[in-house]
Structures are given as C-alpha cells and as structure tokens.
Amino acid sequence: MNILKHHFYARDTLMIAGELLGKKLVRKYRGNILSGLICETEAYLGPNDSASHAFRGKTARNTVMFGRAGRAYIYFVYGMHYLLNIVTEEEENPCAILIRAIVPLDGLKHMQRYRGRTGKELTDGPAKLCQALAVNKSLNGWDLTAGQKLWVEAQPTIPERFIKKGRRIGIDYAEPVDRRAARRFWADEMYIRDMMPKRAKRA
DNA sequence: AGCACGATCTGA
DNA sequence: CAGATCGTGCTA
C-alpha cells in the first residue's frame with residue numbers, strides 16, 4: 001500500500017478534490033479493515049467560500065481546518081450525523097474536502113447498514129459513509145498520513161473524461177455565487193461500473 | 001442563558 | 001415532505 005502523504009494534501013483544493021476520486025479510503029476498526037474507493041467529493045474553499053465552515057474565521061469547531069493538511073476534519077450535524085473531511089492547503093488556509101461517497105471494497109460485511117438495497121452497494125452520502133466506516137468525532141484532527149485507524153491509499157488517477165462536476169449539496173444558506181460553483185466532483189457511473197476494481201466477496 | 005439552524009437521512 | 005435530534009455559534 002502507498003499512503004498519500006502530506007505533500008499530496010498541501011496543494012490546491014479543487015485539484016485534490018478531483019484527484020481523490022478513485023483513491024482508496026481505509027479504516028481499521030476493531031481489527032477489521034474497512035475500505036472503499038472514493039467516488040464523490042466536495043471542495044470547501046475556506047475564507048473565499050460562503051458555504052465553508054471557515055468563512056467567518058476560526059471557531060472551536062473548525063480549528064482543525066486551520067491546521068496541517070492531511071488531517072481529518074469531522075463534525076456533527078443535524079443532531080445525529082458525522083461528516084468526514086480532509087484538510088488541504090497550507091496551514092492557516094482553512095480549506096477542506098468533504099468525502100461524500102465510496103464504493104465499498106473490503107470489510108463490507110462489517111459495515112453497519114450499508115450493503116445497499118439497490119445492488120450497487122454504494123455508500124452514497126457523507127453521513128452514511130461515516131456510519132459504514134465507524135467514523136465519528138473521536139477521529140477529528142486525526143493524521144491521515146500516519147497509516148493508522150484511517151488513511152487514504154494511492155490508486156490510479158481517474159481519466160478526466162470520467163470526472164463529473166456540479167454544484168454542492170445542502171448549502172442553500174450560501175451566497176448564490178458559491179451555491180452555483182462547480183465544487184462537487186464524482187466519478188462517472190460508467191467508470192464505477194467498469195473500471196473500479198472488483199469488490200471483496202459478499203458475506 | 002437562550003435560540004435558531006445545520007456540508008443529512010429515513011420513511012410516509 | 002416532515003421529523004429526528006443536539007452541538008455550535010451568535011446575541012445578550
């Protein structure tokens with residue numbers, strides 16, 4: 001395995017958001033390896049983005065965003081859900097990428113609730129993804145480059161033609177410019193079906 | 001100290 | 001399309 005290091009994350013956020021597609025998100029939990037290929041992300045551009053938690057400066061919640069790239073920024077929303085982000089850019093430039101969906105690969109039978117009902121078995125949704133991988137706020141600030149508990153492994157970059165872009169989800173509170181901006185990235189259905197590695201055997 | 005609301009999901 | 005459900009940030 002080839003774990004993505006700090007230099008991968010300390011770069012342009014929009015660029016990384018696209019490059020993260022197809023990368024392998026791995027969680028080690030209670031001795032089990034749970035993993036999946038990232039297939040949807042959203043970029044949040046800190047002070048320049050009214051949809052970002054960091055838009056109005058540093059607070060207790062978003063402090064991790066102002067820190068070192070490659071750490072997990074995890075927060076609690078709607079009174080019941082956790083969402084996983086990866087911090088990007090240089091320190092004090094509070095940008096992050098929300099991981100919205102993965103195609104499960106390893107440990108499917110240990111993933112809570114998300115074997116999928118459609119047959120596609122895609123963990124499609126940032127909160128469902130956290131439940132599937134047993135990610136919660138205890139991992140907030142966790143160093144994803146250390147190779148323990150939670151990390152991301154290098155995988156072939158998805159060809160440009162299979163990368164789709166569009167507006168982000170659930171940010172109606174943001175200014176029109178930021179609502180409309182194409183800062184969500186996802187792997188084309190065709191790529192997911194044909195190109196992504198076959199999943200581990202079903203339980 | 002009080003209050004409004006959220007980078008969501010589920011089930012009707 | 002409403003309800004769940006509570007931490008967070010803003011106002012006072």
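Per chain, numbering begins at 1; letters A, B, ... match sequence-line order. These numbers come from a predicted model, not from an experiment.
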Give a yes/no answer on whether the side chain of [X] brings an N or O atom under 4.0 Å of OP1 or OP2 in [N].
X	N	answer
R100(A)	dT8(B)	yes
Y173(A)	dA7(B)	yes
T59(A)	dG9(C)	yes

Quick one: [X] [atom1] to [N] [atom2], roughly how many Å, whole number?
X	N	atom1	atom2	answer
Y82(A)	dT5(C)	OH	C1'	12 Å
R61(A)	dC6(C)	CZ	P	17 Å
Y73(A)	dA7(B)	OH	P	9 Å
I74(A)	dG6(B)	CD1	C1'	18 Å
Y75(A)	dG6(B)	OH	C1'	9 Å
D124(A)	dA7(B)	CG	P	19 Å
N136(A)	dC6(C)	CG	C1'	15 Å
N140(A)	dG7(C)	CG	P	15 Å

Working to the nearest 0.5 Å, report the span between [atom1] of [X] and [atom2] of [Y].
X	Y	atom1	atom2	result
L133(A)	L84(A)	CG	CG	8.0 Å
I97(A)	L20(A)	CD1	CG	5.0 Å
Y9(A)	R68(A)	OH	CZ	12.0 Å

Heavy atoms only, 4.0 Å cut-off, all strands: where does [X] land among base, sugar-phosphate and nothing?
X	value
I171(A)	sugar-phosphate
A60(A)	sugar-phosphate
R168(A)	nothing

Closest to the 5' end of DNA chain C, once V77(A) and N62(A) are matched to their nearest nucleotides, is V77(A)

Please figure out whether F76(A) or H81(A) has its closest DNA chain C nucleotide nearer the 5' end.
H81(A)

Would you say K5(A) has more than 12 foreign heavy atoms packed within less than 6.0 Å of its NZ?
yes

Check every atom of dC10(C), dG7(C), dA7(B) against the side chain of K137(A) and return the nucleotide holding the closest atom.
dG7(C)

Please indicate yes or no: is the ring centre of Y44(A) less than 5.5 Å from the centre of the six-membered base ring of dA7(B), with the two planes inclined by under 30 degrees?
yes

Counting only Watson-Crick pairs (N1-N3 plus N6-O4 or O6-N4) and G-U wobbles (N1-O2, O6-N3), all under 3.5 Å, who is the partner of dT5(C)?
none

Between dC5(B) and dA2(C), how far apart are the C1' atoms? Round to whole Å, please.
16 Å

Ignoring hydrogens and angles, does a donor from either the side chain of Y78(A) or the base of dA4(C) sit under 3.5 Å from an acceptor on the other?
no

Quick check with a 6.0 Å cut-off and a 45 degree axis cone: is R11(A) positioned over the face of F8(A)'s six-membered ring?
yes

Tell me whether N62(A) contacts the main-chain N or O of H53(A) through its side chain, where contact means a donor paired with an acceptor under 3.5 Å.
yes

